[in-house]
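Lettering of chains follows the sequences in order, A, B, ..., and the numbering in each one begins at 1. Scope of the values below: all heavy atoms of this structure, side chains included, with no hydrogens, waters or symmetry mates.
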2 protein chains.
Amino acid sequence: MPRRVPLYKRVRQRLAAALEKGLWRPGEALPPEPMLAKRFGASVGTLRKAVDELVAENLLVRRQGSGTYVGSHTRDTMLARFFPMVDRAGDKRLPQSWLLSFRRGRASAAIAALLHLPRGAPVFEIDNLLSLDDEPLILDRIRLPHALFPDLTEAIFAEREATIYALYQSRYGVTVVRTEESITAALAEERACQLLRLTPPAPVLRVVRTAYAWHSQPVDTRVRLIATRRHHYRSVLGQR
Amino acid sequence: MPRRVPLYKRVRQRLAAALEKGLWRPGEALPPEPMLAKRFGASVGTLRKAVDELVAENLLVRRQGSGTYVGSHTRDTMLARFFPMVDRAGDKRLPQSWLLSFRRGRASAAIAALLHLPRGAPVFEIDNLLSLDDEPLILDRIRLPHALFPDLTEAIFAEREATIYALYQSRYGVTVVRTEESITAALAEERACQLLRLTPPAPVLRVVRTAYAWHSQPVDTRVRLIATRRHHYRSVLGQR
DNA sequence: TAGTGGTCTAGACCACGTG
DNA sequence: ACGTGGTCTAGACCACTAC
């Protein structure tokens, strides 16, 4: 445990806290750097070092000549940061989404552990099918805590304008910053084969994905079956 | 195309070129920052910004009070950066390696494309089995270009002291900085089932991994079948 | 104790974007 | 033309490591 916390780390923390509190909305510009530096009692150089870290974590975006902005979940950031599937040519495109079912339920032991909830806590249970070019690609079984999304309804979910994460951010002030996925190989069950248009015995990727907001707060978790006929999961290890 | 390249970017390039040339060996310390700054005709602050970038890419490692060192492939870096498999508890351990076969061959069209070689160029063809706790986990079919590893023999490969990437680095001066993996689901063939101790029909992860050195120079490529009985592939998307 | 990288400052000038 | 972030400098002091 470091006794002495550097000034730029403390500035970083205070800035992050202000962002989390919603002091500036997603997409909105922060005050100019000299003003922020004065407010936090630091030099511009030190303030910049704090901002550098938040930019590296995609919480802030710098635009030279214009300003520093609060990061927001657009289709582009979604595709670049959270959608791992590429086609044979290595290209990415956002899939179409098809809502299969929307229910209220209670968290099982496994779901409760992943979402850091008490067992039996109310959750939304959503089944969703993602397709590219009318070919089914991903079957999602999503669970999200009632506590974070109190007034969510099937209509709100189905009629969202952008991605699911963008809905979390714009309507509930919850910003997903990281997801963790665990990938195994599995044989698709009969119903999954029908929905994904596969003929048994069909091997699929079985991905358990949990999304987190700041402070590693779990936002949603899903079990995802992926048909890798024409697309594959791309993973880059090492630098960058 | 930027007309004006910032000084710290030019310093970064010259530093990276010196590293690639092997001016300092992996694990060796660079000269102190004030001396490097003077050599490159920049202030210490600018030199530090260049070093920051190379540290972020894992090419350099800073140790306060001691110096700045050339990064080297230890078992730890291997595990942390290039080995994606974790057990149920989320823990990682390096697997044992078992050499199945070592041959000389010619690059097929597919291999040649991945390794940026002319078709038919000489390559080494290595089959390798990775196990954890005497349970087979990964079956690797590795291809590497003769050109990069001219005097490689089965004995040198089999009797290496550390990891394969560490061998590339210490004996051939080739440092892997990035790998790209494409993951699909597949059913293991009969021989793969035997080697991985699976009973058909057995779903496995089929991973095509290509490793790159600086300038995106391909170093090796492998087709890897992974049995996900007790371990899964962990992938983190978004920040960090 | 000497030498290393880590933090912090103050200020000058540049490149870019917006009006 | 103005205001923004981007680059670059010079120097002071701190924290850590090695001897």
Side-chain angles (χ1 to χ4, degrees), chain A residues 1-16 18-19 23-72 74 76, chain B residues 1-16 18-19 23-72 74 76:
Chain A
M1 202 64 184
R3 283 163 306 180
R4 170 85 184 156
V5 177
L7 178 57
Y8 79 91
K9 285 285 184 190
R10 299 195 311 261
V11 171
R12 190 211 109 107
Q13 280 310 107
R14 290 172 61 189
L15 244 182
L19 288 170
L23 188 51
W24 306 284
R25 299 263 142 195
E28 192 180 346
L30 270 57
E33 293 181 339
M35 197 176 304
L36 279 178
K38 196 175 175 188
R39 180 189 303 190
F40 289 118
S43 71
V44 176
T46 299
L47 182 274
R48 280 181 62 80
K49 191 158 180 178
V51 171
D52 282 343
E53 291 204 357
L54 297 176
V55 167
E57 293 171 30
N58 297 298
L59 297 185
L60 295 176
V61 179
R62 281 210 178 93
R63 290 188 212 143
Q64 187 177 3
S66 175
T68 302
Y69 298 80
V70 182
S72 70
T74 65
D76 281 352
Chain B
M1 202 59 186
R3 283 164 306 182
R4 169 84 184 156
V5 177
L7 178 56
Y8 80 90
K9 285 284 186 192
R10 301 199 305 266
V11 170
R12 192 210 107 107
Q13 281 309 106
R14 290 172 60 190
L15 243 183
L19 287 170
L23 187 51
W24 306 284
R25 299 262 142 196
E28 193 179 348
L30 271 59
E33 292 180 340
M35 197 177 302
L36 279 178
K38 196 174 175 187
R39 181 189 303 189
F40 288 118
S43 71
V44 176
T46 300
L47 181 275
R48 281 180 62 80
K49 191 158 181 179
V51 171
D52 282 343
E53 292 204 356
L54 298 177
V55 167
E57 293 172 30
N58 298 299
L59 297 184
L60 294 177
V61 179
R62 280 209 179 94
R63 290 187 212 144
Q64 187 177 1
S66 174
T68 302
Y69 298 79
V70 181
S72 70
T74 65
D76 282 352

Exercise. Looking at A/Lys38, A/Arg39, A/Arg48, which hits salt bridge (charged side-chain N to carboxylate O under 4.0 Å, His left out) with A/Glu33?
Worked result: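 Per the salt bridge (charged side-chain N to carboxylate O under 4.0 Å, His left out) rule, the option paired with A/Glu33 is A/Arg48, out of A/Lys38, A/Arg39, A/Arg48.
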In terms of side-chain heavy atoms of [X], which of [options] is nearest?
X: B/Ser43; options: C/dT7, D/dC8, D/dA15; result: D/dC8
X: B/Tyr8; options: D/dT7, C/dT7, C/dG5; result: D/dT7
X: B/Glu33; options: C/dC8, C/dG5, D/dG6; result: C/dG5

Exercise. Any side-chain N or O of A/Thr46 under 4.0 Å from OP1/OP2 of C/dT7?
Worked result: no
Exercise. Is the shortest side-chain N/O distance from A/Lys49 to OP1 or OP2 of C/dT7 below 4.0 Å?
Worked result: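 For C/dT7, OP1/OP2 do have a side-chain N/O of A/Lys49 under 4.0 Å.
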Quick one: does [X]'s side chain get under 4.5 Å of [Y]'s, heavy atoms only?
X: B/Leu60; Y: B/Val51; result: yes
X: B/Pro31; Y: B/Trp24; result: yes
X: B/Leu30; Y: B/Leu15; result: yes
X: A/Glu53; Y: A/Tyr8; result: yes
X: A/Arg25; Y: A/Val70; result: no

Round to a whole Å and report the spacing from [atom1] of [X] to [atom2] of [N].
X: B/Met35; N: C/dG5; atom1: CE; atom2: C1'; result: 14 Å
X: B/Phe40; N: D/dT9; atom1: CZ; atom2: P; result: 14 Å
X: A/Asp52; N: D/dG6; atom1: CG; atom2: P; result: 8 Å
X: A/Leu60; N: D/dG5; atom1: CG; atom2: P; result: 11 Å
X: B/Arg10; N: D/dT7; atom1: CZ; atom2: P; result: 12 Å
X: B/Leu47; N: D/dA10; atom1: CG; atom2: C1'; result: 14 Å
X: B/Arg12; N: D/dC8; atom1: CZ; atom2: C1'; result: 19 Å
X: A/Lys38; N: C/dA10; atom1: NZ; atom2: P; result: 13 Å

For this session: Check DNA chain C against residues 62-71 of chain B and give the residues with a non-hydrogen atom under 4.0 Å, in numerical order.
Result: B/Arg62, B/Arg63, B/Gln64, B/Gly65, B/Ser66, B/Gly67, B/Thr68
Problem set entry | Spatial distance of atom NZ (B/Lys9) from atom NZ (B/Lys49) [nearest 0.5 Å] |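 With rounding to 0.5 Å, NZ (B/Lys9) is 8.5 Å from NZ (B/Lys49).
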